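Note sheet for the following structure.
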Amino acid sequence: MTTADGIAIEAIREDHVEGFRKALDVVARERRYLIFLEAPPLKAMRAFVQDMMAKGNPHFVALAGGEVVGWCDIRRHEREAVSHRGALGMGIVPGFRDKGLGTRLIATTLDAARKAGLHRVELDVYADNPRAIALYEKAGFVREGVARDAVRIDGVYRDSIWMSTILD
C-alpha cells in the first residue's frame, strides 16, 4: 500500500533482493546501527531472502520510486521448543528516517507475524540508539536486559538492550 508520502510497503520478492542488499549495505556502512559492517555478498542475500520466503517468515521492504529504502523482517527460531519466537531486524536508509516509516514497517511486520502464528518477537538494539529504542517501545516492546560490551566496532564497545513483545 502506497501512502501520501509515495512510499509503499510490500512483502519482499525475488526482484527486491539487489535493492534490499544495497539498502542494508548503506545502513551497515554507517557502523552505528547493525552488527553488519557491510552487506553480505549478493548470493548470500538471495539465499537469505529465499529461505525467509520458503519458511513463511515475515519480511517487508519499503519502496520509494521503486528503490528499497527500508526493511523489516522476523526470522522464526527453528527448534521446536522456541519456534513460537522470532528475531526482528530492520533498517531505514538516511533521508527516510524520522518520518513514520519505521512505525509503518514494524506494524506491518508484526501483524504478519501474528498471522503466521508467532507469539513472541525479540530484538537487540544498541543502548546508544534512543530513536530505535523509542520506536520499539512505541510498538509494544519492553526491555528485558542489557548485554554489556556486546558489540565492538572500530575498537569501541557498546552495550546492547534485549527487548521483546508478546503478540496477542
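What you are looking at is a predicted structure, and each value in this text was computed from that prediction instead of being measured.
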Please check: side-chain N/O of Y33 versus main-chain N/O of V125, any donor-acceptor pairing under 3.5 Å? no
Give the cluster check for L37 versus M45: same hydrophobic cluster or not, with ILVMFWY residues linked at side-chain heavy-atom distances below 4.5 Å. no
Looking only at heavy atoms, which two atoms of L88 and C72 are closest? And how far apart? CD1-SG, 3.8 Å
Determine the minimum heavy-atom distance between I92 and V27, stating which atoms define it. O-CG2, 3.5 Å
Taking the side chain as every heavy atom from C-beta outward, state whether E122 and E144 have any atom pair closer than 4.5 Å. no
Between the CH2 atom in W71 and the CD1 atom in I12, the distance rounded to the nearest 0.5 Å is 10.5 Å
What do the steps show when you test V17 against L42 for side-chain contact (heavy atoms from CB on, under 4.5 Å), and what is the final call? CA-CA 8 Å; V17 173; L42 183 58; 3.9 Å; yes
So does P58 get a backbone contact from the side chain of R76, meaning a donor-acceptor N/O pair under 3.5 Å? no
In this structure, CD1 of I9 is separated from CG of L101 (nearest 0.5 Å) by 5.5 Å
Under the side-chain contact (heavy atoms from CB on, under 4.5 Å) criterion, do H84 and H77 qualify, and how do the steps go? CA-CA 7 Å; H84 65 287; H77 295 296; over 6 Å; no
Where is the tightest heavy-atom contact between F20 and V68, given as atom of each residue plus distance? N-CG2, 3.8 Å
Could you check if a side-chain atom of E38 sits within less than 4.5 angstrom of a side-chain atom of R31, using non-hydrogen atoms only? no
Polar side-chain atom of D159 near backbone of D149 as donor-acceptor pair, under 3.5 Å: yes
Given I153 and I35, is the side-chain contact (heavy atoms from CB on, under 4.5 Å) satisfied, shown in steps? CA-CA 9 Å; I153 299 173; I35 60 169; over 6 Å; no
Measure the spacing between CZ of R114 and CD1 of I74 and express it to the nearest 0.5 Å. 9.0 Å
Single-linkage hydrophobic cluster, 4.5 Å side-chain cutoff, M90 and M53 together: yes
Restricting to non-hydrogen atoms, name the atom on F96 and the atom on A64 that form the minimum distance, rounded to 0.1 Å. CE2-CB, 3.7 Å
If hydrophobic clusters are built by linking Ile, Leu, Val, Met, Phe, Trp and Tyr wherever their side-chain heavy atoms come under 4.5 Å apart, do I106 and Y126 end up in the same one? no
Using side-chain heavy atoms (C-beta onward) and a distance below 4.5 Å, is D73 in contact with F60? no
Are any of the side-chain heavy atoms of K138 and T103 separated by less than 4.5 Å? yes
Do the non-hydrogen side-chain atoms of R152 and V156 ever get within less than 4.5 Å of each other? no
Okay, side chain of R21, backbone of P40: is any donor-acceptor separation there less than 3.5 Å? yes
Please find the pair of heavy atoms, one from S160 and one from D124, that lie closest to each other, and give the distance. OG-CB, 3.4 Å
Kindly work out whether a path of hydrophobic side-chain contacts (I/L/V/M/F/W/Y, heavy atoms less than 4.5 Å apart) joins M163 to V151. no
Check whether any side-chain heavy atom of F141 lies under 4.5 Å from a side-chain heavy atom of L110, and answer yes or no. yes
Hey, any chance W162 and L167 share a hydrophobic cluster, counting ILVMFWY side chains that come within less than 4.5 Å of each other, even indirectly? no
Considering only heavy atoms from C-beta outward, does the side chain of R143 approach that of E137 to under 4.5 Å? yes
Looking at side-chain heavy atoms only, is the closest gap between E18 and K22 below 4.5 Å? no
Does R120 reach the main-chain N or O of I166 with its side chain, forming a donor-acceptor pair under 3.5 Å? no
Donor-acceptor contact present, side-chain R104 to main-chain I7, <3.5 Å: yes
Should the heavy atoms of other residues, nucleotides or ligands under 6.0 Å from CZ of R32 be counted, would the total exceed 12? no
Heavy-atom pair with the smallest gap, counting every atom of L118 and G86: CD2-N, 3.9 Å
When rounded to the nearest 0.5 Å, the distance separating CG of L135 from CG of L105 is 9.0 Å
Applying side chain to side chain donor-acceptor pair (under 3.5 Å), which residue pairs with at least one partner in residues 53-63 are found, sequence neighbours left out? D51-K55, K55-E78
